[in-house]
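Just so it is clear, the model here is predicted, and its values are computed rather than measured. Throughout, a chain's letter reflects where its sequence line sits, starting with A, and its residues are numbered from 1.
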Amino acid sequence: MSEREGSTLSYSAHRIEELLRCPICLDRFNTPKLLPCQHTFCQSPCLEQLVDRFHRIKCPECREEHRVPYAGVSSFPTNRTILNFLDVPTQPRSSQNNSLSRNEAPQNSTERRNGAADETQGQVQGQNEARSQNAANQNAAEPQRTGCFSCGRQMALSRCAHCDNVVCETCKRSHMDQVRVDINRLVSQVRRGMPNFSDAVSVIESKSELLHQQAEAGKAEITDTIERYITELRNRQRLLHSEIQMWLLGEIRSLTMLQENVEVELASTASFCDSTESTLARNQVIPDEDLVALKRQCVENMEIVRAYEGGQGVRLPRERQVQVIFESSRLSQLISNFGEMSITEAESSANGNSANSLNSDQPNSRSPSSRETSPALFRAPPRSRPNNTRAAGAHNSGNPPASQYQSSPPSLDTALAAIGSTQVQRAERMAGLMGGGATGDATPPSNTPSNRLNPRERLANIISDASSSSSQSPRPAVNHRPQARERTAGIFGAGASSTESDSSNSTPRLARRPVQPPESWELPVDFTHPPRENIRAGNGNLGNPRRSLAERRRHNLTDSQLLPNAGRGARRASERQNQSNERSNRRNVNRSSHNSEPVPSTSSEDEDRPPLVRSRTYTREEFQTIREEDSVSRASTADPVNRPREAVGLDVDMTESSDASQGEEVTFRVGVVDGGESTRVNVPRNNYQDKGRAIIRFGGRGSNNSEFIWPRGIAVSRSDQVYVADSSNHRVQVFDNIGGFVKSFGSYGQADGEFDCLAGIAMNTMGDILITDRYNHRVQVFDHQGSFKFVFGEEGTRDGQMNYPWGIACDSMGFIYICDKENHRVQVFQSNGVFARKFGRLGRGSGQFENPHYLAISSDNKVYVSDSSNHRIQVFSMYGDFIFQFGSVGTMQGQLKYPKGIAIDEQGFVVVADSGNNRIQVFRGDGRFYCMFGTYGSDNGQFKGLEGLAILANGNVAVCDRENHRLQIF
Amino acid sequence: MAGGLPRRIIKETQRLMQEPVPGINAIPDEQNARYFHVVVAGPEGSPYENGVFKLELFLPEEYPMSAPKVRFMTKIYHPNIDKVGRICLDILKDKWSPALQIRTVLLSIQALLSAPNPDDPLANDVAEQWKTNEAKAIDTARQWTRMYADSN
C-alpha cells in the first residue's frame, strides 16, 4: 500500500504524508499525542511502550524526560492539527480503506470536524456497496463506477467546471467553496495592488505640473527677451524721434531766423515807405540832397523788394529732406527667426534662445537679465568658445573698451543699430555715437596703449576674473607668438578672427616685456612665470643651437598641433596656473615624485621652475622625450637674478628632503652632496635630451656574429670599442662604435677563458677586460687583446667569495668593484684579485642592498650601485661609506623599477637603465632627474628587458636590449 | 519471530530496499527477517576508503524500543571498534531512541569510520596508538583496509 501511495501522490503531498507518520511505528498517527516537548507520537503502542516504571518518559526525538501522569499517556493532549491533516482525503479510494479504518474507530467520540468524517463513513459503506455492486452490474454508468475524483465515493457525479474532473456533489461544493475563497484572496491582493494606480496617477500629475512650470518658465523667458527687444526698439524709436526733432528744431530755428530777418526787412521797408510818404506829403521844403538820398533809398528798397518777388529770393537753406531709412529686411528676417526652441532630453528646460549665432549677446545666459550692461554699449561676438564669452561677459564689465567690437558677426544689435540710420550728416555722426559703436569705436589703437601701459594690471584683472573660468590663462597667452595670438583672443573673449590685427599689436608688447626683467621678478608670485616664459619665448639669442631647435620644435608643435588642442590646453592651462601658483609659492618642488600630472602632450605650457614635468609629444613619431624644466639651463643669459635663486632653491630642497633616512620615499638625501660637475653644468655635453631614437640598432637572437642571446653587460674600451657580454652564448663580442663586428671570444665552460652565463664586463685603466663569470661565481681578467690573464673568486659567502656576481666596475686606481648579487653586497678587490673590502648586506636601509645588479664609478670616485630590488640607486664613497641614494619604486619620472645598467659620463650625469619601466633615465650626479626616454617594445627606441649600458666616447649611449637580443646605440 | 513481524520492521525493510543509503547495503536474511547482512563502503577521505566492510545487524524483540545490535564482521583498525567487531557507538547503547531507524544507525557507523574518536574511553590499544602517533595509525588502518577489506 505504501508503494501505491507514493506513486499517486504529488511531491508535496508525499512529504506531508511522511510528516503524518509516527517515527516509532512509521505508520500514520494513531491518536497522536503531544508531549510537552511538542513532539507527537501515537498513543498506543508507541508511547505506552516508552513509559518506564517511574512514570517517566523520554521523548524519542529529543530525549527530553517528562513526567507521565498516573492516568497514563492518554492524558497527554491530542495533537488536533495532526488529526486534521489526517482527515484530508489525499488518496484514491481504494488505498484509503485500510488506513482510514484505523482512524475512524477511536475518533468517533471526538466532536464534529467537518463533513469529511461523514464522508469517510459513507465512503466505507460506499466502497462495500461498490464492491458488492461491481460484481452485480458491471454495466453501470462509467462515471459512477469510477467514483468521485477526489473522494472516490459513488455518489451523484458531475463534472467540475473548474478543473473538469468528475466529482460528486459534496466534493464539488467544497471545491467551489475553495474556489470562492481563492477568489476572495485574489481580490484582496488586487486591491492591495491598487495603490500602484494612484501612484502612477500622482506621478503623471506631478509630471504635468512640471511641464506646466517649464512652459511657464519658457514663456516668461520669451516674454522677457522680446520685451527687452521691444524696449530696445522703443528706445530706438525715441532716439530717432529725438533726432528728427532736433533736426527739426534746428531747421526751424534757422528758418525762424530767416523769417525774422525778412520781417525786419519788411518792417523797415514799410516804415521807410511810410516815412517817405509822410515826408513828401507834408509838402515841406526838403533840401535837395535829402530828396536825392530818399530817391536812392527808394531805388534800393525797390530792388530789395524785387528781390523778394515771387516769394523767392529768400535764401532758404538748401532743401533738406529727412528720410528715415529702415534696413528692415534683415531685421524682419532676424525677427522671424528669432528665438529657437530646442527641446532636449535633459530635464532642465532647454527652451529659450539657444545658441543661435544671431543672438549675439546671449550665447550662454539663460537669464537675459544677467546682462547688466546695456546692449548698446557692448557687443560680445559669439564666435569664440562659450568659455570665452562667459569670461568675456565677466570681465567685459570691467573692460568695456575691449577690442571685440569690430568684425562681430551680424548680430541682432548691430542690426538694431543699423536700423533707421538717418542720412543727415550731423545725424549720422550722432547715430554713430549713440548707436553704440557698431562700427568699432573703441578700436585697437585705444587698446594697445592700455596694453602697453599696464599689462600686468590687466593680467591681474583677467586672472582674477577668469580664475574660475576655464579658458583664460595669461600664461599660455604669453608663451609664444602664434599661440599668443590665440590666447589674447581668448583673454579678451573676442572671436578668433577678430583679434588678428589686435593681437599682432599686442603681442609685440607682451613679448617685449621681458625687456624689463628686474621689476618683473619682484612681482607677486603669480606673475613670475609669464615674464620668464617670455625670456625663453621671446629671446632668440640663446646662443645654443640646441635650444633654438627646441624653440623651433615648440613652434612646430604649436602651429600644427595646438589649435585643435587649444580648448583642452586652455582648460588645463588654467588648472595648471592654479597649481603652479601653489607650487611656486612653495618655491620649488624638487621631489620628482611630485610631478604627477605629466601634462600629457597638448600645448607646451611650462610649469614652475625647478624640475616640474613638462612633457610634450613631439611630432617625431614614436617617442616622448621628457625634459626637465630647468631654469638654470633655460636662462640663457646667465641672468644674475636667476643664479641666486637657483641656489636658494637647492638649499630649500635639502632641508625639505632631509627626512626618511631609511630610504622609504625620499628622492634623495643630501648631506654634502656634490653631484659632480653635472650639478653645475647647464648644458650637458651629451645631448641626452635628444636621444630617444637609436642611431644604430643591431642584433638578433642567435649565435652568429652580431647576434646575441640575452646580452647583458656592456663596456667601452679606451679605443672606443664596445664589448658586449653575450650571456647565453657564453661569449664576449666586440664591436666598433658604429656597430661593426670586430671579434668575439669565449665559450661555455668552467675552464680559464670559458664562461657560464657571464654578466658584467668592465675595463680598467690599463685596458684589461674584467668579466664576471656569473654561474661560475668568479671574475676573469683578460688583456686588451682578449687573452686570459687570471681569474679569482669562487662560490660562497665569505670574503672573496661571491654568489652570482653581476655588475663590475673599476676605479681610477685599479680597484675592482663587483656587485655580489646574491650576497647582496659589493666587494672590492685589488687589481690583482686580492680581496680588499666589502660593504653592504641584504636589506632596505641605506647601505643595504637587495639584488644589486650593476654599478658604476664616477670620475670623482663615487660608486653608484643599482640596488635593483630596492628600486633605487645608492651612492657610496670608494670605501663603502653611504653618501646618498635616489630613486624610489614607481613609474613617474625619477622613479625606478628594477634599475639595472648604470653608467656615468665624465660630467657626472648618471644614465640608468630603468628596466622595469623599459626606459632609460638620466640623472644628474646628485640624483636629480634630468631626462628620460624609451618605452616598451621592439621598435626603435623601445626596449624589452634593459640590461647594461655604457657611454661611448662621443657621448652615445650603448644599451643592451636583452629580450630583443640586440644592441641599441643612442 | 514473535507473532508476525512488526509493521515498522516491514516498512523499514521495504524502504531500505527501495531507497538504499548511498554506500550502505542492507539486505535481510532470507530466513530471519530480523537479521540483516550489511555492507558498508569505506567513506572517502578516510583511511578506509576503497574498502568494503561487512557488518551484521540484528533487530531484537523490543525493537524499536531497544537498539539494534550491530557488529563488524570485517577486521578493521579503528579506535572505536574492537577486535571482534563490536562497535562503541552511543546511539547503539544509552542514546538509542525509537525514533532512530536502521538507516540512521548505519549512517552513524559510516560517519564513525570517517571520524574516529580515540578519546572514547573504550580501552583500546588502537585508540592509544591513534592518539600517540596518528599518522602511523592511519597508515595501519589503510594497510588493514587493503588487507582485509579489499573490494575483491
Quick one: closest heavy-atom pair of A/R63 and B/I91, and the distance?
-> NH2-CG2, 4.0 Å

Is the backbone of A/D27 close enough, under 3.5 Å, to the side chain of B/R8 for a donor and an acceptor to pair up by distance?
-> no

Hits for side chain to side chain contact (heavy atoms under 4.5 Å, CB included) against A/Y804, two or more places apart or cross-chain, chain-then-number order -> A/R774, A/Y775, A/H777, A/E822

Please determine whether the number of non-hydrogen atoms from other residues, nucleotides or ligands lying under 6.0 Å from atom [atom1] of [X] exceeds 12.
X	atom1	result
A/E18	CD	yes
B/E49	CD	yes
A/R67	CZ	yes

Non-neighbouring partners of B/W144 that pass ring-ring contact (aromatic ring centres under 6.0 Å, His included), sequence neighbours left out = B/Y77, B/Y148

Using a heavy-atom cutoff of under 4.5 Å, enumerate the residues of residues 97-107 of chain B that contact chain A, numbered in order, or state 'none'.
-> B/S97, B/P98, B/A99, B/L100, B/Q101

Residue by residue, scan residues 62-75 of chain B and write down, ordered by number, those that have a heavy-atom distance under 4.5 Å to chain A; if none do, write 'none'.
-> B/P64, B/M65

